[in-house]
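This report concerns only the one structure given below.
Below, each value reflects all heavy atoms present in this structure, side chains not excepted, and no hydrogens, waters or symmetry copies. As the structure is a prediction and not an experimental result, all values here were calculated from the model. We name chains A, B, ... by the order of the sequence lines, and we start the count at 1 in each one.
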Number of protein chains: 2
Amino acid sequence: MQPATKRGRPQEADPRQIARVALGLFERHGFDRVTMGEIAEAASVSRRTLFRLFPSKSDLVWDGLDEVRDLVRQRAATLARADLRVAGVLREFAEPFLRRLDDPEAAELARKRLRLLAAAPALLDHPPLREIEALIATTMAGRTPSGDTPPTLVARTLVAATFAALMWWAEHGEGMSALAATRAALGALAPTDET
Amino acid sequence: MQPATKRGRPQEADPRQIARVALGLFERHGFDRVTMGEIAEAASVSRRTLFRLFPSKSDLVWDGLDEVRDLVRQRAATLARADLRVAGVLREFAEPFLRRLDDPEAAELARKRLRLLAAAPALLDHPPLREIEALIATTMAGRTPSGDTPPTLVARTLVAATFAALMWWAEHGEGMSALAATRAALGALAPTDET
DNA sequence: TGCATTTTGGCACCCGATGCCATAATTGAG
DNA sequence: CTCAATTATGGCATCGGGTGCCAAAATGCA
C-alpha cells in the first residue's frame, strides 16, 4: 500500500494544513460559498493537486475520519461478546469516542464540524461515514439473539438516531454531554401508549 | 401564485410523464449513471426546460412530494392536542401515510423510490423532505410537556429513526408492513441495561 | 550521468445547475 | 383582424465539482 521508499519527488503539499485552511474558510463563509479554486489558492496548491489529495469537497471536512473508521473496524473485529444489544453497542462504539468530547477543546471542534453538517447536509453522504454505519450495523446484527426485532433493522435505526442526536447536541446541547443527549434521546423514542 | 388564466403559450411538456420516464431510466441504469441530457432526450424536451420543470435531478425522484408536504403542513396547523408525544406523532403523521402502503401497488412504488435512496444517498438532501422533517419536529416540540428530555431532541431523533426504519423496510421488510417495522425499531432502541 | 519513481500542475472535458435572451404560441383588447 | 400582453420553449454562455491525460519537476539509485 504505502511506498515506504523515499524515491521520487517529495510531497510538498501538507494535507492537514490544507484541510485546516479549508475548514477556516468554510466556517467564515459557509461550505458551499467556498469554491475549490479559492481553497487551492488559499493553500498555495493547484486545483488539480487539491483534488488529488481530497477527491471530494467533503473530504476536506471529514479529514481524519479514515482513522476513526479503522478504529471502528478493529473494534468490530475484536469484539467477541455474543449478546450485543443496543446498550452494548453504545458502550463499545459510541462511548469511547464520545468521551473524548469531555475535553472542551475537542468538543468545540466537533461542534464546528457538526454545525457544518447541519448547514450542508450533502456532507452526510460520505463513504467512510457510511462504512462506519455499516460496520456497526453488521457487527450488531451478527451478535444479537434472533427471535425479536430483526437485528439489521435495529442496527440501522440506532445508528441514524445516534447521529441525529449528535447533530442536535452540536447546536442546542450546550449544557449537556454528547453521551447524555444520545442516551436521553434513545430512551424517549419508545412509543409508550397514551390517550 | 398560479396564473389560473389561460393566456400565453400552453405548456407542451408533461411533468408527470417526464418524471415517469426518468424513474424508469434510474431503475434500469442507476440514478447517477443517467444524465439530465439523456432524460431530456428520452422525454423529448430540451435540457433547459427539463431543468425548469425539475430544478434538480432529485426533483425527478421526489415528484409529488410537495403535495405530501402540504398535507403535513395542514395537519400540523390543525392539530390542537396539547400533549403530543412519540406515540402521538406516529399516530398523527406516520400512520396516515404508511397505511397507504397497505395497497401492494403503492408499496411497490414506494419501495422503488426508497431503494433509489439507499443507492444514492444524495437524494436525501432534498428541501421538501427537510421541511417535512422540520414541520414534524417543531410541531412536536411545541406540544410536548417540558421537564423531561428536550422536545426538539426527541423530535429530530424520531424523524431520523423513522426514515431509517423505512429504508430498511424497503430492502428487507418483505414480510411486514412499513408501520410494523417502524414501531418495532423504535421500541427496540431504548438502551436497557445489560451485563 | 542516466533511469526509475513520485509529485505536481496544466489542459481538456463531463455533468449538474443557472442566467440571459430570442422566439414561438396562445388569449384578450382595440 | 391586428396587435400587445403573456407564457413556454430552447439555445447559448457560464459556473462549480470532478476526472483523465500528459508533460514537467524533483528526488533516489545504478
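Note on E105(B) versus R111(B): no salt bridge recorded, every NZ/NE/NH1/NH2 to OD/OE distance being 4.0 Å or above. Using a 4.0 Å cut-off between charged nitrogen and carboxylate oxygen, R115(A) and E171(A) do not count as a salt-bridge pair. Remark: R73(B) engages E131(B) in a salt bridge, criterion side-chain N to carboxylate O under 4.0 Å. The existence of a salt bridge linking R69(A) and E133(A) is excluded, since no basic side-chain nitrogen approaches an acidic carboxylate oxygen closer than 4.0 Å. Ionic pairing of R91(A) and E95(A) is not present here: no N-O contact between side-chain nitrogen and carboxylate oxygen is shorter than 4.0 angstrom.
Proximity of a side-chain donor or acceptor of D125(B) to a complementary backbone N or O of A122(A) within less than 3.5 Å is detected. Of the possible donor and acceptor atoms, none in the side chain of W169(B) sits under 3.5 Å from a partner among the backbone N and O of A180(B). The backbone N or O of V34(B) sits less than 3.5 Å from a side-chain atom of K57(B), completing a donor-acceptor pair.
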Next item on the list: Sugar-phosphate means primed atoms, P, OP1 and OP2; the rest is base. With that split, encode nucleotides 10-19 of chain C 5' to 3' as B, S or - using protein heavy atoms under 4.0 Å.
Entry: BB----BBBB

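Nearest to the side chain of R7(A), among dT7(C), dT7(D), dG28(D), sits dG28(D). Side-chain atoms of V45(B) lie closest to dG10(D) of the nucleotides dT8(C), dA25(C), dG10(D).
In this structure, OG in S46(A) is found 10.5 Å from CZ in F51(A), a value given to the nearest 0.5 Å.
We find that CD of E41(A) is positioned 16 Å from C1' of dG16(D), with the value rounded to whole Å. Distance I18(B) CD1 to dT9(D) C1': 12 Å, rounded to the nearest Å. The distance from atom CD of Q11(A) to atom C1' of dG28(D) is 17 Å, rounded to the nearest whole Å.
Near DNA chain D, meaning a heavy atom under 4.0 Å away, there are no residues from residues 116-131 of chain B.
Overall, the helix from dT1(C)-dA30(D) to dG30(C)-dC1(D) carries an axis bend of 20° between its ends, with five pairs at each end and the value rounded to 10°.
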Note to self: Run the side-chain hydrogen bond (donor to acceptor under 3.5 Å, both in side chains) test on W168(B) and T157(A) for me, step by step, so that the C-alpha distance in whole Å, both residues' side-chain angles and the decisive distance to 0.1 Å come before the verdict.
What the structure shows: CA-CA 8 Å; W168(B) 177 90; T157(A) 316; over 6 Å; no

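Closest approach of L153(A) to A165(B), counting heavy atoms only: CD1-CA, 3.8 Å.
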